[in-house]
S.K.: 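The structure under discussion is supplied below as structure tokens; questions concerning it will follow.
Note that ligands are numbered from 1 as they come in the structure, with each ligand's atoms numbered from 1 the same way.
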Amino acid sequence: MPAKVVVVGSLNMDLVTRASRLPRAGETLIGQSFSTVPGGKGANQAVASARLGAEVAMIGCVGTDAYGAQLRDALQVEGIDCQAVSTVEGSSGVALIVVDDSSQNAIVIVAGSNGELTPASLQVFDSVLQAADVIVCQLEVPMDTVGYTLKRGRELGKTVILNPAPASGPLPAEWYASIDYLIPNESEATALSGVTVDSLDSAKLAATQLIKAGAGKVIITLGAQGALFADGQGFEHLVAPKVKAVDTTAAGDTFVGGFAAALANGKVEAEAIRFGQAAAALSVTRDGAQPSIPTLHDVQGFVPS
Ligand code: RIB
């Protein structure tokens with residue numbers, strides 16, 4: 001039976017425009033296309049874990065608007081347990097996304113119902129946390145909810161993963177002792193550590209600081225440069241497979257969800273990172289958030305060029 005990953009986090013409807021380039025301040029651009037796509041870092045990570053071999057439950061909130069039902073349905077068709085996805089009065093979370101011709105994006109999110117996921121609402125679903133092997137959090141729901149989840153995950157003896165995204169500054173110091181795997185990208189590692197992460201050496205410095213702060217192990221994702229793994233004993237640089245990117249939205253989420261699924265299913269860390277990297281590489285060759293996330297079958301058949 002597959003191991004259980006529980007994701008505590010956001011569900012957003014992504015309102016996606018493709019344009020030749022990202023607009024400058026005050027500028028109006030003519031876009032090439034528009035689509036609404038299920039996303040949100042939490043939901044994307046849940047979908048990635050489910051498609052990549054784990055049994056998954058999601059804890060989160062959607063609104064009473066039409067997006068709410070669509071976001072829930074998108075998880076249910078993946079076989080994700082949504083008993084702890086609550087519907088609260090008001091708008092669902094949305095993300096306004098522009099993707100340019102070089103596959104880069106700019107994103108503005110509005111929390112909507114994601115802001116209603118409180119520690120009290122989590123207590124109601126404690127049995128879902130209790131059933132987890134691995135618990136995964138990000139930062140698109142209220143900070144006290146993330147802090148509560150990390151602490152509760154530690155109390156229950158679960159493997160706790162924090163993807164500190166989006167991050168704008170340091171994390172509360174008391175969180176670190178509850179984190180088994182901290183998975184920031186370069187800008188998040190910079191915000192958390194104060195070290196500007198723009199090279200492998202600076203990533204090693206930042207990872208060392210984050211482990212000193214109390215994180216168990218740190219994986220800094222470095223985009224096309226791969227990932228740096230640090231466990232307090234040493235470092236490992238894992239090179240990313242090369243692909244032609246069309247849209248990088250949810251690549252980080254695919255990595256986190258894939259890593260969590262592989263770890264939950266007993267893979268050793270380096271193997272779980274490579275698996276997450278292969279999944280993320282495939283995701284950037286496709287448009288959108290959840291539609292871009294590959295299946296286990298896709299990853300097993302992936303031969304990097
Ligand atoms: O990480 C990608 C996600 O960030 C998008 O799906 C969007 O909803 C934002 O949360």
S.K.: Donor-acceptor pair, distance only, cut-off 3.5 Å: does the side chain of S49 make one with the backbone of V5?
M.R.: no
S.K.: Any non-hydrogen side-chain atom of D101 less than 4.5 Å from a side-chain atom of R21?
M.R.: no
S.K.: Between the main-chain N or O of K217 and the side-chain N or O of D231, is there a donor-acceptor pair closer than 3.5 Å?
M.R.: no
S.K.: Any atom of ligand 1 sitting under 4.0 Å from a heavy atom of G40?
M.R.: yes
S.K.: If you draw a 6.0 Å radius around CD in E27, do more than 12 non-hydrogen atoms from other residues or ligands fall strictly inside?
M.R.: yes
S.K.: Are R274 and E271 within salt-bridge range, i.e. N to O under 4.0 Å?
M.R.: no
S.K.: Can you report which non-hydrogen protein atom sits closest to atom 9 (C) of ligand 1, along with the distance?
M.R.: E140 OE2, 3.5 Å
S.K.: How far is atom 5 (C) of ligand 1 from the closest protein heavy atom, and which atom is that?
M.R.: D14 OD2, 3.3 Å
S.K.: So, regarding I109 and ligand 1 (criterion: nitrogen or oxygen to nitrogen or oxygen, under 3.5 Å), is there a contact or not?
M.R.: no
S.K.: Judging by distance only, is a nitrogen or oxygen of T249 under 3.5 angstrom from one on ligand 1?
M.R.: no
S.K.: Does any N or O in the side chain of S92 come within less than 3.5 Å of the main-chain N or O of G68, such that one atom is a donor and the other an acceptor?
M.R.: yes
S.K.: So if I count the atoms of ligand 1 from 1 in the order they appear, which ones are less than 4.0 Å from some heavy atom of A95?
M.R.: 7 (C), 8 (O)
S.K.: If you count the atoms of ligand 1 from 1 in the order shown, which ones are under 4.0 Å from a heavy atom of D253?
M.R.: 1 (O), 2 (C), 3 (C)
